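Structure record follows, encoded as structure tokens.
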Amino acid sequence: MSLKYSDQIGQQPDWANVVTNVAMVDTPKLAWLPIGKSLVSTERHYQAETYRSPGRNSHPDGVPVSGEQSAGETRKELRSVIQYSTKRAGVTILSQNLGNVAGVEDELGREIRKQSKELSKDIEAAISSAQEARIGVSGTTGYLSRGIPNWIQRSAQAVYPVDSTLYPAAAQVDTTATASLTEDVVLNILQGIGNTTRGKAAITAFISPNLQRAFNNFPMFVPSTGSTVNGGNYTSEVRGGAFDRGIVRYVSPYGTVDLVLDYNNYALDSNGVLQSGTTYNTYSGFFLHQDKWEFSWGTMNGGSGQPKWMESAYEGGKRSAFCESVWMLTCLNPAGEAKYAPAT
């Protein structure tokens, strides 16, 4: 099916699908994140809370009940902000009308689809990186939506900091050097999550390539080391001629973890510069509960903030179009989330 430029202008729902309904291999977090309600402001104000600690609850007969507790005393406000992302495509009029590129009927239409996919990769990189929220200044700097690593931390963020009562526990933010990475490191993270949530809800772990290899090797060794063989109890089945070493689910004493191989973790440094091959890129992992995250499109120009391509006025010489979108990543409560983020 050929790509027609005229068919791709102004089709907001279709382009939203191109950005979010993508292969898990390319942009797994965007494919996984629940889509929230449309945003109507540059900031979202919402609340999260924790349960009070249990205690001895024994009341004497005949004594009036006293010592009321406020319904909102453990509730704290959180904020997330938008990010305004754009793309622009242009083709000279001769290339568009008289070009002879094999298999390309519409050069601008092809570029629009390509840049739409690149927009999804831009967004995936942002939410996967240590990007701090930023309040935009008109004409100077754009808004930035906080990335997953910066939601999961035990210190105050620079902008709209999370209240300390909602920090993940120390065990949930692990920076153990990769040379000391063992199965016990992962079990400590999962036990930390369990201690906070008091449950065994399903977890999705977005893991970098080397951490995936570590999960594949965990069954071969005793949990406390990465070298002592586990008595030969690890078996790799051969099924249909295939040697199965692809571990995609880790069933632990603290719950089931779905493993998603992810090449995008920490794709950008804190300044937004692309980085590759760092320890963060290759070994990190985010352990997330799906119901604690939302990805939302904003609203602008009286319509949806979903990606929308618009044709620029023709002034001769070339055809061009631009795309703009408003989006936001929201962590509804970071207390039960975790990460493995080794620097070395």
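Please read these numbers as outputs of a predicted model, since none were measured by experiment.
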Counting distance only, does the side-chain N/O of Arg146 pair as donor-acceptor with the main-chain N or O of Val159 below 3.5 Å?
yes
Search all heavy atoms of Ala341 against all heavy atoms of Thr175 and return the closest pair with its distance.
O-CG2, 3.4 Å
Check Ile193 against Gly336 and note the closest heavy-atom contact, atom names and distance.
CG2-O, 3.5 Å
Taking all non-hydrogen atoms of both residues, which atom of Pro168 and which atom of Val173 are closest, and how far apart?
CB-CG2, 4.2 Å
Could you note down all residue pairs passing side chain to side chain donor-acceptor pair (under 3.5 Å) where residues 333-343 supplies at least one of them, sequence neighbours left out?
His289-Glu337, Trp293-Glu337
Say whether Ser85 and Trp327, considering side chains only, have a donor N or O and an acceptor N or O under 3.5 Å apart.
yes
Go through the steps for Trp151 and Ser80 under the test side-chain hydrogen bond (donor to acceptor under 3.5 Å, both in side chains), then give the verdict.
CA-CA 10 Å; Trp151 278 109; Ser80 51; over 6 Å; no
Decide whether Ser208 and Ser284 meet the rule of one side-chain donor and one side-chain acceptor closer than 3.5 Å.
yes
Kindly say whether Arg75 contributes a backbone atom to a donor-acceptor pair with the side chain of Gln47 at under 3.5 angstrom?
no
Is Ile207 linked to Val248 within one hydrophobic cluster, defined over Ile, Leu, Val, Met, Phe, Trp and Tyr using a side-chain heavy-atom separation of less than 4.5 Å?
no
For Asn150 against Gln157, the heavy-atom pair lying closest together
O-NE2, 2.8 Å
Sequence neighbours excluded, the answer for ring-ring contact (aromatic ring centres under 6.0 Å, His included) partners of Tyr250 is Phe215
Cluster companions of Leu268 among Ile, Leu, Val, Met, Phe, Trp, Tyr (side-chain spacing under 4.5 Å)
Leu274
Closest heavy-atom pair, Leu288 versus Ala338, reported as atoms and distance to 0.1 Å, is CD2-O, 4.4 Å
Is the backbone N or O of Leu30 less than 3.5 Å from a side-chain atom of Glu124, with the two atoms forming a donor-acceptor pair by type?
yes
For the residue pair Tyr266 and Ser129, what are the closest heavy atoms and their distance?
C-OG, 3.7 Å
Non-neighbouring partners of Glu118 that pass salt bridge (charged side-chain N to carboxylate O under 4.0 Å, His left out), sequence neighbours left out
none
Check whether Thr282 reaches the backbone of Asn210 with its side chain - one donor and one acceptor, N or O, closer than 3.5 Å.
no
Side chain to side chain donor-acceptor pair (under 3.5 Å) with Asp163: which residues, sequence neighbours excluded?
Thr165
Using 0.5 Å steps for rounding, measure from the CG atom of Leu166 to the OG1 atom of Thr74.
9.0 Å
Show the atom names and distances, to 0.1 Å, of all donor-acceptor pairs under 3.5 Å that link a side chain in residues 56-70 to residues at least two apart or in another chain.
residue, atom, partner, partner atom, Å
His59, NE2, Val63, O, 2.7
Ser70, OG, Gly72, N, 3.2

Run the salt bridge (Lys or Arg N to Asp or Glu O under 4.0 Å) check on Glu49 and Lys76 step by step: do they pass?
CA-CA 6 Å; Glu49 62 182 336; Lys76 305 299 180 181; over 6 Å; no
Are the charged groups of Lys37 and Glu294 less than 4.0 angstrom apart, N to O?
no
